[in-house]
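Per chain, numbering begins at 1; letters A, B, ... match sequence-line order. As a basis for the values below, the full set of heavy atoms in this structure was taken, side chains included, without hydrogen atoms, waters or symmetry mates.
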Amino acid sequence: MIKSFCVYIPRFYLPMRARQFFISTLKEAPADAEVISQKLMLRAGMIRRLAAGIYTWMPMGLRVLAKVEAIVREEMNRAGALELFMPAVQPAELWAESGRWEKYGPELLRFKDRHDRDFVIGPTHEEVITDVVRREIKSYKQLPRHFYQIQTKFRDEIRPRFGVMRGREFLMKDGYSFHATFEDLQREYAVMYETYTRIFTRLGLKFRAVAADNGAIGGTGSHEFHVLADSGEDVIAYCPTSDYAANVELKEVCHAVAGDPSPDGQGTLELCRGIEVGHIFQLRTQYAEALNCNFINEQGQEQPMEMGCYGIGVTRIVGAAIEQGHDERGIIFPSAMAPFDLVIVPMGWNKSEAVRTTAEKLYGELIRAGIDVILDDRDERPGSMLADWELIGIPHRIVIGDRSLKEGRVEYQHRRDSTATPVNLTDITTLVCQRLGG
RNA sequence: CGGAGUGUGGCUCAGCCUGGUAGAGCACUGCGUUCGGGACGCAGGGGUCGUAGGUUCAAAUCCUAUCACUCCGACCA
């Protein structure tokens with residue numbers, strides 16, 4: 001039976017029984033948790049802290065992460081980028097070659113191996129990918145090329161905080177594109193702008209693309225993608241009546257206040273806060289030149305490649321989504337990244353055979369309908385089961401109890417609904433499929 | 001790195017000022033009663049009070065050092 005599901009259900013989406021899974025919720029958040037997403041992720045048992053800015057992703061949290069990753073992968077693949085996987089540990093020589101061994105500062109975690117050779121734990125992978133490409137690609141005929149990976153990064157932040165939103169170890173999607181001409185780089189940059197817009201839209205986030213400073217990574221042409229949230233660390237100046245939006249780190253709006261004229265002349269500026277979850281850059285040739293990443297052009301001459309780089313903070317997205325979606329009861333996940341689509345909550349699992357058989361039957365039906373469902377077979381008291389699932393933020397819930405079962409009904413409730421709706425047992429699967437499809 | 005704090009059972013915290021038998025709630029184990037919104041009773045298990053020195057008859061409590069963590073600032077694809 002399981003075998004047939006494996007054909008079309010990705011491994012992270014396997015349906016689950018609560019006793020088989022691992023649910024570890026807390027009534028109170030640890031005292032050092034500062035922002036709401038961090039408190040809720042800890043309380044919901046999604047993450048556990050190992051050291052400052054370093055977290056274990058528990059099974060419940062990993063499911064969320066996996067769903068975010070899956071969407072990022074799908075859209076990157078759709079855009080024609082190819083996935084690879086680079087080492088976290090990188091030799092110092094490569095960083096000396098690019099000049100960043102000196103330039104990067106203490107945020108770069110350095111260490112020596114047993115032979116006393118210097119290494120770093122990668123905070124980013126421009127050096128490594130450029131090294132790969134300079135060895136592999138020699139001709140304009142092999143360009144353009146876009147490689148990406150989803151990988152653990154380490155940045156030794158001065159002050160890690162806000163849980164997974166500013167961790168030291170975190171998961172990032174980083175893509176690097178290589179081009180024969182600047183025009184082709186600009187084309188790919190536009191493709192990535194669209195791709196990022198698709199990704200954040202599919203994830204169900206309220207976001208805005210903003211013009212950005214290039215920072216230490218260098219180059220020209222850069223946009224950040226911000227999830228809009230009051231707890232964000234960045235301030236964005238935007239014009240509600242045009243497309244203009246910029247990080248206030250940018251010179252042209254660094255002293256802007258609400259009501260100032262927009263630099264594009266199309267209205268006045270407003271200010272809001274954002275969490276940076278994506279960043280795209282036109283690096284141009286700076287790394288290619290430093291690392292001699294050259295190709296032979298149509299005229300037979302050697303020239304450095306044009307480069308773009310594109311990052312998404314995968315772990316940060318989860319925190320940002322929770323900052324944007326929560327209430328007094330807990331997390332409200334966008335359906336695309338909830339650990340499960342739907343939970344079946346049977347009241348009196350061990351007491352009522354009718355409840356148990358109905359729950360099992362419905363569980364099977366929903367699995368066959370392709371729904372990512374969890375069956376709460378823990379036989380807990382109703383209050384604690386309902387509180388758990390509201391804390392964890394499962395979008396759809398079906399409660400099965402003797403009371404409504406007598407009338408052939410179960411109760412359906414969306415996480416955002418204030419009350420449950422009685423639904424005939426015969427209609428519930430259809431209703432849920434409609435809700436999930438839409 | 002500057003400034004301010006906090007370290008007491010898995011979690012939230014009290015006790016410290018004024019030194020004298022280590023506590024509460026949650027969680028955990030057993031039994032019973034419960035069971036449609038985080039139940040109750042009884043009985044249990046679990047803590048070298050961050051660590052190392054010092055003062056003292058006696059230190060969770062006072063002193064010194066050290067480590068970890070948190071907050072504010074500088075930093076940050």
Query raised in the report: Just how far, in rounded Å, is C1' of B:C76 from CZ of A:Arg100?
Result: 13 Å

Query raised in the report: Hey, are A:Arg117 and A:Glu93 close enough for a salt bridge, meaning a charged N less than 4.0 Å from a carboxylate O?
Result: no

**Report entry** Under 3.5 Å: donor-acceptor pair, side chain of A:Tyr176, backbone of A:His125
**Finding:** yes

Query - side chain to side chain contact (heavy atoms under 4.5 Å, CB included) evaluation trace for A:Met347 with A:Asp402 - result: CA-CA 8 Å; A:Met347 302 270 174; A:Asp402 276 322; over 6 Å; no

Report task. Could you let me know what B:C76 is paired to, Watson-Crick or G-U wobble, both distances under 3.5 Å, or none if it's on its own? Result -> none

**Report entry** Rounded interatomic separation in angstrom, taking NZ from A:Lys27 and P from B:C13
**Finding:** 16 Å

Report task. Looking at every strand, decide which applies to A:Lys173 at a 4.0 Å heavy-atom threshold: base, sugar-phosphate, or nothing. Result -> nothing

Report summary line: Heavy-atom nearest nucleotide on RNA chain B taken for A:Asp174 and for A:Phe162; more 5' hit belongs to A:Phe162

Query raised in the report: Choosing from B:G38, B:G37, B:U70, which nucleotide comes nearest the side chain of A:Glu390?
Result: B:G37

Requested in this report: Write down the partner of B:G36 under the Watson-Crick or G-U wobble criteria, each distance required to be under 3.5 Å.
Outcome: none

Requested in this report: With P as the reference atom in both, quote the distance from B:C31 to B:G53 in angstrom, rounded to an integer.
Outcome: 45 Å

Requested in this report: With P as the reference atom in both, quote the distance from B:U33 to B:U12 in angstrom, rounded to an integer.
Outcome: 35 Å

Report summary line: Hits for side chain to side chain contact (heavy atoms under 4.5 Å, CB included) against A:Glu276, two or more places apart or cross-chain, chain-then-number order -> A:Glu224, A:His226, A:Asp234, A:His279, A:Arg316

Query raised in the report: How far does the C1' atom of B:U34 sit from the matching atom of B:C40, given to the nearest Å?
Result: 8 Å

Query raised in the report: Atom CD of A:Glu233 and atom P of B:C75: how far apart are they, to the nearest Å?
Result: 13 Å

Report task. Would you kindly check if the NZ (Lys) or CZ (Arg) of A:Arg435 is within the cone defined by 45 degrees around the ring axis of A:Tyr412 and under 6.0 Å from the six-membered ring centre? Result -> no

Report summary line: From CZ of A:Phe281 across to C1' of B:C76 the rounded distance in Å is 11 Å

Requested in this report: Consider the side chain of A:Arg161, meaning its heavy atoms from C-beta on, and name the nucleotide among B:G38, B:C72, B:C76 that approaches it most closely.
Outcome: B:C72

Query raised in the report: If we take the P atom in both B:U48 and B:G3, what is their distance in whole Å?
Result: 34 Å

Query raised in the report: For the base of B:G10, is there a side-chain donor-acceptor partner from A:Arg49 under 3.5 Å away?
Result: no

Side chains of residues 156-164 of chain A: which donor-acceptor pairs under 3.5 Å do they make with residues two or more places apart or in other chains?
unit_1   : atom_1 : unit_2   : atom_2 : d
A:Asp156 : OD1    : A:Arg168 : NH1    : 3.0
A:Glu157 : OE1    : A:Arg166 : NH1    : 3.0
A:Glu157 : OE2    : A:Arg166 : NH1    : 3.2

Report summary line: Protein heavy-atom contacts under 4.0 Å, written 5' to 3' over nucleotides 30-36 of chain B as B (base), S (sugar-phosphate only) or - (none), form the string ----BBB

Query raised in the report: Of the candidate nucleotides B:G38, B:U70, B:G37, which contains the atom at the shortest distance from the side chain of A:Leu386?
Result: B:G37

Query raised in the report: On a whole-Å scale, what distance lies between the P atoms belonging to B:C16 and B:U61?
Result: 12 Å

Query raised in the report: Please give, in whole Å, the distance from B:C76 P to A:Arg166 CZ?
Result: 10 Å

Query - Rounded distance in Å - CD1 (A:Ile392) to C1' (B:G38) - result: 13 Å

Report task. To the nearest Å, give me how far apart CZ (A:Arg378) and P (B:G38) are. Result -> 15 Å

Query raised in the report: Is there a donor-acceptor contact under 3.5 Å linking the side chains of A:Thr426 and A:Asn424?
Result: no

I'd like a list of close polar pairs between nucleotides 1-9 of chain B and the protein, N/O only, cut-off under 3.5 Å.
none

Query raised in the report: Distance from A:Ile331 atom CD1 to A:Met337 atom CE, nearest 0.5 Å?
Result: 11.0 Å

Query raised in the report: Is the distance between the ring centroids of A:Phe225 and A:Tyr193 less than 6.0 Å?
Result: yes

Requested in this report: Just say parallel, tilted or perpendicular for the rings of A:Phe340 and A:Phe21, cut-offs at 30° and 60°.
Outcome: perpendicular

Requested in this report: Measure the distance from CG on A:Leu26 to C1' on B:G10 and round it to the nearest whole Å.
Outcome: 9 Å

Report summary line: Paired with A:Phe207, the ring pair (Phe, Tyr, Trp, His ring centres under 6.0 Å) test is passed by just one of A:Tyr238, A:Phe200, A:Tyr196, namely A:Phe200

Query raised in the report: What interatomic distance, in whole Å, is found between P of B:C26 and the corresponding atom of B:C62?
Result: 30 Å

Requested in this report: For B:G15 and B:A74, measure between their C1' atoms and round to the nearest Å.
Outcome: 38 Å

Query - Complementary nucleotide for B:A4 - Watson-Crick or wobble, under 3.5 Å - result: B:U70

Query - Aromatic ring proximity A:His146/A:Tyr310, centre distance under 6.0 Å - result: yes

Query - Complementary nucleotide for B:A24 - Watson-Crick or wobble, under 3.5 Å - result: B:U12

Query raised in the report: Across all strands, who's sitting opposite B:G53 as a Watson-Crick or G-U wobble pair, both distances under 3.5 Å?
Result: B:C63

Query raised in the report: Looking at residues 28-48 of chain A, who's got a heavy atom less than 4.0 Å off RNA chain B?
Result: A:Glu28, A:Ala29, A:Pro30, A:Ala31, A:Asp32, A:Glu34, A:Arg43

Query - Nearest-angstrom distance, C1' atom, B:G38 to B:U21 - result: 36 Å

Query raised in the report: Which part of the nucleic acid does A:Pro106 contact within heavy-atom distance under 4.0 Å: base, sugar-phosphate only, or nothing?
Result: nothing

**Report entry** Who pairs with B:A43 - Watson-Crick or G-U, where each distance is under 3.5 Å
**Finding:** B:U29

Query raised in the report: Taking only residues two or more places apart in sequence, or in another chain, which ones meet A:Ala229 in a side chain to side chain contact (heavy atoms under 4.5 Å, CB included)?
Result: A:Ser231, A:Ile275, A:Glu323

Query raised in the report: In terms of side-chain geometry, is the basic nitrogen of A:Arg356 or A:Glu360 positioned less than 4.0 Å from the acidic oxygen of its partner?
Result: no

Report task. Report which part of the nucleic acid A:Asp388 touches: base, sugar-phosphate, or nothing (heavy-atom distance under 4.0 Å, all strands). Result -> base

